[in-house]
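To start, the structure under review is shown below, and the notes come after it.
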Amino acid sequence: MGSPIRVVVTGAAGQIAYSLLYQIAKGDVFGADQPLILHLLDIPPMMGVLGGVVMEIMDCALPLVREVIPTADPAVAFKDVEAAFLVGAMPRKEGMERKDLLSANVKIFKVQGEALDKYAKKTVKVLVVGNPANTNALICSKYAPSIPRENFTAMTRLDQNRGCSQIADRLKVPVGQVKNVIIWGNHSATQVPDANSATVDLGSGHVPVVEALKNDEWLKGEFITTVQKRGAAVIAARKMSSAMSAAKAAGDHMHDIWHGTPPGSFVSMGVISDGSYGAPNDVIFSFPVTIANKEWKIVQGLDIPSHAKPLLEATGKELLEEKTEALAVCEH
Ligand code: NAI
């Protein structure tokens, strides 16, 4: 076993963290032989609840956990961390649009960007989960200028996982047999789920999902809207936002940053845009990426189906609008 790494989870007393911490602590994310020092950040009124979470982590008796540091102080939370899960934010309530959340949440990510800049390792890998995730990641990176912009990513993995599951369900195959579903753009209702490059293993190797589904119109319509609106559907049913599945996706995302993507597979995440596929520059846009040595690369040369092109434009436009609003809030 190597020496422990420091990992911070913000919003550590919240719903997503409650599932995420267990996955991290038992080795699902950084590896079964990677000891951990867990830094748990939440706000002062939540310190009592956080104390309960710390007790439970202890009671799980997980051998990889070497220390747990609960705190409300970003200086302590971000000190020397190598990986950061920025989950803490105000969650979206039923009927609330993401834009309503923007001004409240963007300020949190400004402060945390500044703290990462001051206290974290320069190699820290930052995953932003708290919404609006893409724009929060952009702001966080802007206020952490000493850390490479490529180290900041936003989570669209839940949308990708939802897309894979919808297709697996349609084809009646286990979800592990579906891969390379893409989520383009913003983690919002304008996101573009795209199965055009996705493949499915039907027993004798991978074939395009489009072929397996015989060019089903479902892929251009209901598939897209089901994935786009799944978050709202879960809120309507549970009266709380998706927590278990969001935590699983956050673990998957960081796992792939740490360990890389397998040959022939790619995953979607919000990364700083270089204008690939006509996306606007300098926003955090979800692209298909491959990962090696903890560095991502946007997959180039994929075909974007014609029905998706105007949708890509719309999600890019939304990200530019969010960026303008967020910068106005931060510079106020
Ligand atoms: P929650 O309300 O259960 O937990 C949020 C926690 O963050 C609370 O304990 C709160 O006290 C804490 N918090 C608030 N401000 C903070 C700050 N400045 N520093 C540290 N902690 C702070 O919410 P839940 O369900 O865990 O969701 C967290 C976020 O994740 C929300 O913004 C939600 O919209 C987002 N989300 C993102 C998804 C994605 O796919 N990117 C999917 C699902 C949720």
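Values reported hereafter were calculated over all heavy atoms of this structure, with side chains retained and with hydrogens, waters and symmetry mates removed. As the structure lists them, so they are numbered: ligands from 1, and atoms in each ligand from 1.
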I'd like to check which ligand 1 atoms, numbered from 1 as shown, lie under 4.0 Å from a non-hydrogen atom of Met46.
9 (O), 11 (O)
Against ligand 1, does Ser242 come closer than 4.0 Å with any heavy atom?
yes
Which atoms from ligand 1 have a heavy atom of Gly11 less than 4.0 Å away?
6 (C), 7 (O), 12 (C), 20 (C), 21 (N)
About how many Å separate CG of Leu312 and NZ of Lys309, when rounded to the nearest 0.5 Å?
9.5 Å
How about Asp159 and Gln228: do any of their side-chain heavy atoms sit closer than 4.5 Å?
no
If you count the non-hydrogen atoms of other residues, nucleotides and ligands that lie under 6.0 Å from CD in Glu150, is the total more than 12?
yes
Please identify which atoms of ligand 1 are closer than 4.0 Å to at least one heavy atom of Met90.
32 (O)
Any nitrogen or oxygen of Ala17 lying under 3.5 Å from a nitrogen or oxygen in ligand 1? Just yes or no.
no
Between Phe285 and Trp184, is the ring centre distance below 6.0 Å?
no
Can you find a pair of side-chain heavy atoms, one from Val124 and one from Ile147, that are under 4.5 Å apart?
yes
Going by the 4.0 angstrom heavy-atom rule, the piece of Asn131 near ligand 1 is both
Heavy-atom distance to atom 25 (O) of ligand 1: which of Ala133, Ala247, Gly88, Ser241 wins?
Ser241
State the atoms of ligand 1, each with its element, that fall below the 4.0 Å cut-off from a heavy-atom position in Ala246.
42 (C), 43 (C)
Enumerate the side-chain hydrogen bond (donor to acceptor under 3.5 Å, both in side chains) contacts for residues 22-38, please, sequence neighbours excluded, ordered by first and then second residue.
Lys26-Asp28
Could you state whether Leu50 and Val9 fall into the same hydrophobic cluster, counting links through intermediate Ile, Leu, Val, Met, Phe, Trp or Tyr residues with side-chain heavy atoms under 4.5 angstrom apart?
yes
Examine the proximity of ligand 1 to Gln112 and report which part, side chain or backbone, both or neither, has a heavy atom under 4.0 Å away.
side chain
If you measure from each non-hydrogen atom of Leu158 to ligand 1, which part falls under 4.0 Å: side chain, backbone, both or neither?
side chain
Does the side chain of Val181 come within less than 4.5 Å of Ile167's, by heavy atoms?
yes
Any residue meeting side chain to side chain contact (heavy atoms under 4.5 Å, CB included) with Ser242, in chain and number order, not counting sequence neighbours:
Leu158, Arg162, Val234, Ser245
Test of understanding: given a 4.0 Å heavy-atom threshold, classify the contact between Gln15 and ligand 1 as side chain, backbone, both, or neither.
both
Give yes if a backbone or side-chain nitrogen or oxygen of Asp159 is under 3.5 Å from a nitrogen or oxygen of ligand 1, and no if not.
no
If we only count N/O pairs under 3.5 Å, is Val128 in contact with ligand 1?
no
